[in-house]
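Scope of the values below: all heavy atoms of this structure, side chains included, with no hydrogens, waters or symmetry mates. Order of listing sets the numbers, starting from 1, for every ligand and every atom in it.
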Amino acid sequence: MLIRIAIDGPAGSGKSTMAKIIANKLKINYLDSGALYRIIGYYCVKNNIDLEDKKSIKDILPQIKIDLKDHKYFLNDEEISEQIRNAESGNYASMVAKVPEVREKINQILRTMSQEMSTVIDGRDIGTVVIPDAEIKIFLTASVEERAKRRYDELSEKGKKVDYKSILEQIIFRDKADSSRSIAPLKPAEEAIKINTTNMDIEEVTKKIIEIIKEKNHGN
Ligand code: CDP
């Protein structure tokens with residue numbers, strides 16, 4: 001049986017951490033939709049495209065080939081998994097994510113990949129737009145301060161020099177951009193199960209999600 005698990009939520013809510021753990025536990029595939037937006041943002045900036053200029057972004061799209069192999073991301077056959085992980089790439093991603101043709105290109109990739117095998121996909125609009133018929137839909141939230149703290153810890157652990165206040169500001173900026181855009185705004189799908197993870201550790205959230213999946217499977 002094919003199972004598609006959509007995990008949506010704002011920056012730092014724990015989506016990608018949870019999605020990876022759940023995919024590992026269930027031995028199914030993991031897709032990080034945000035990475036695809038980051039790749040397109042990265043390519044545009046490298047090519048001096050003004051990120052406010054939707055027409056230029058749309059026109060450059062045919063030049064972009066994205067591949068995913070063994071959890072590594074490739075842009076036109078060059079591996080760029082690490083380069084897209086900084087805070088700036090997150091902001092660039094948020095800007096290109098407003099362009100409908102960018103969303104269509106990415107959605108097509110996600111739908112094709114998730115039809116081939118059972119998958120956990122994390123993002124902003126997976127349960128609402130990309131796979132509205134996903135078997136399981138989860139929406140993770142956490143207070144903005146907690147999310148900034150998590151992002152700060154994550155980047156510090158990787159040895160990056162970071163400043164909590166600027167991370168907090170960036171998260172607030174992206175929350176606003178993602179929730180207020182007219183196309184595919186960040187919001188929970190009606191039937192999504194919401195989990196507020198502010199005071200939960202990774203283990204507790206994992207347990208909760210596994211319970212939800214088990215319950216759903218028994219009900220079917
Ligand atoms: O990990 P984090 O939540 O910080 O970011 P991400 O998931 O890599 O996403 C980066 C940006 O891409 C988000 O702020 C959104 O603007 C955009 N995005 C989107 O619009 N739709 C998605 N399904 C995933 C990401």
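- Near D125, the atoms of ligand 1 lying under 4.0 angstrom from a non-hydrogen atom of the residue are 21 (N), 22 (C), 23 (N).
- The shortest separation from a heavy atom of K15 to ligand 1 is under 4.0 Å, placing the residue in contact.
- Heavy atoms of other residues, nucleotides or ligands lying less than 6.0 angstrom from CD of Q108 number 12 at most.
- Under the 4.0 angstrom criterion for non-hydrogen atoms, M95 is not in contact with ligand 1.
- Scanning the protein for heavy atoms near atom 18 (N) of ligand 1, the closest one is Y37 CD1, 3.7 Å.
- Residue I84 is not grouped with residue V162 when hydrophobic side chains (ILVMFWY) are merged at heavy-atom distances under 4.5 angstrom, including chains of intermediate members.
- Which parts of ligand 1 touch S94 is read off a 4.0 Å heavy-atom cut-off, strictly below it: atoms 14 (O), 16 (O).
- Residues I109 and V99 share a single hydrophobic cluster, defined by chaining ILVMFWY side chains whose heavy atoms lie under 4.5 Å apart.
- In terms of N/O distances under 3.5 Å, ligand 1 is approached by R103.
- Near R151, with a cut-off below 4.0 Å to any heavy atom, the atoms of ligand 1 are 1 (O), 2 (P), 4 (O).
- Between R174 and ligand 1, at least one N/O pair is under 3.5 Å apart.
- Hydrophobic clustering (ILVMFWY, side-chain heavy atoms < 4.5 Å, transitive): F74 and L110 are in distinct clusters.
- The closest protein non-hydrogen atom to atom 16 (O) of ligand 1 is D178 OD1, 2.6 Å.
- Close approach of ligand 1 to G123 (heavy-atom distance below 4.0 Å) involves ligand atoms 23 (N), 24 (C).
- N86 and S89 form a side-chain donor-acceptor contact under 3.5 Å, judged by distance and modelled atom types alone.
- Note on I39 and V96: same hydrophobic cluster, where clusters join Ile, Leu, Val, Met, Phe, Trp and Tyr whose side-chain heavy atoms are under 4.5 Å apart, directly or indirectly.
- Within ligand 1, the atoms closer than 4.0 Å to a non-hydrogen atom of A93 are 10 (C), 11 (C), 12 (O), numbered from 1 in the order shown.
- Protein heavy atom closest to atom 17 (C) of ligand 1, with residue, atom name and distance, is A97 CB, 3.9 Å.
- Using a 30° and 60° split on the angle between ring planes, H71 and Y30 fall in the parallel class, below 30°.
- For atom 8 (O) of ligand 1, the closest non-hydrogen atom on the protein side is R38 NE, 2.6 Å.
- Close contacts of ligand 1 with G34, meaning ligand atoms under 4.0 Å from a residue heavy atom, involve 6 (P), 7 (O), 8 (O), 9 (O), 24 (C), 25 (C).
- Every N/O-N/O distance between D122 and ligand 1 stays at or above 3.5 Å.
- Set against the non-hydrogen atoms of S33, the atoms of ligand 1 under 4.0 Å away are 22 (C), 23 (N), 24 (C).
- For R181, every heavy-atom contact with ligand 1 shorter than 4.0 Å involves the side chain, none the backbone.
- No continuous path of ILVMFWY side-chain contacts below 4.5 Å connects V130 to I3, so the two sit in separate hydrophobic clusters.
- What sits closest to atom 7 (O) of ligand 1 on the protein, heavy atoms only, is R124 NH1, 3.3 Å.
- In this structure, the side chain of K194 does not engage the main chain of P188 through any donor-acceptor pair within 3.5 Å.
- Salt bridge status for R85 with E82: absent, with no side-chain N to carboxylate O gap under 4.0 Å.
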Task: From CA spacing to verdict: side chain to side chain contact (heavy atoms under 4.5 Å, CB included), E88, V45 - done: CA-CA 10 Å; E88 290 75 44; V45 170; over 6 Å; no
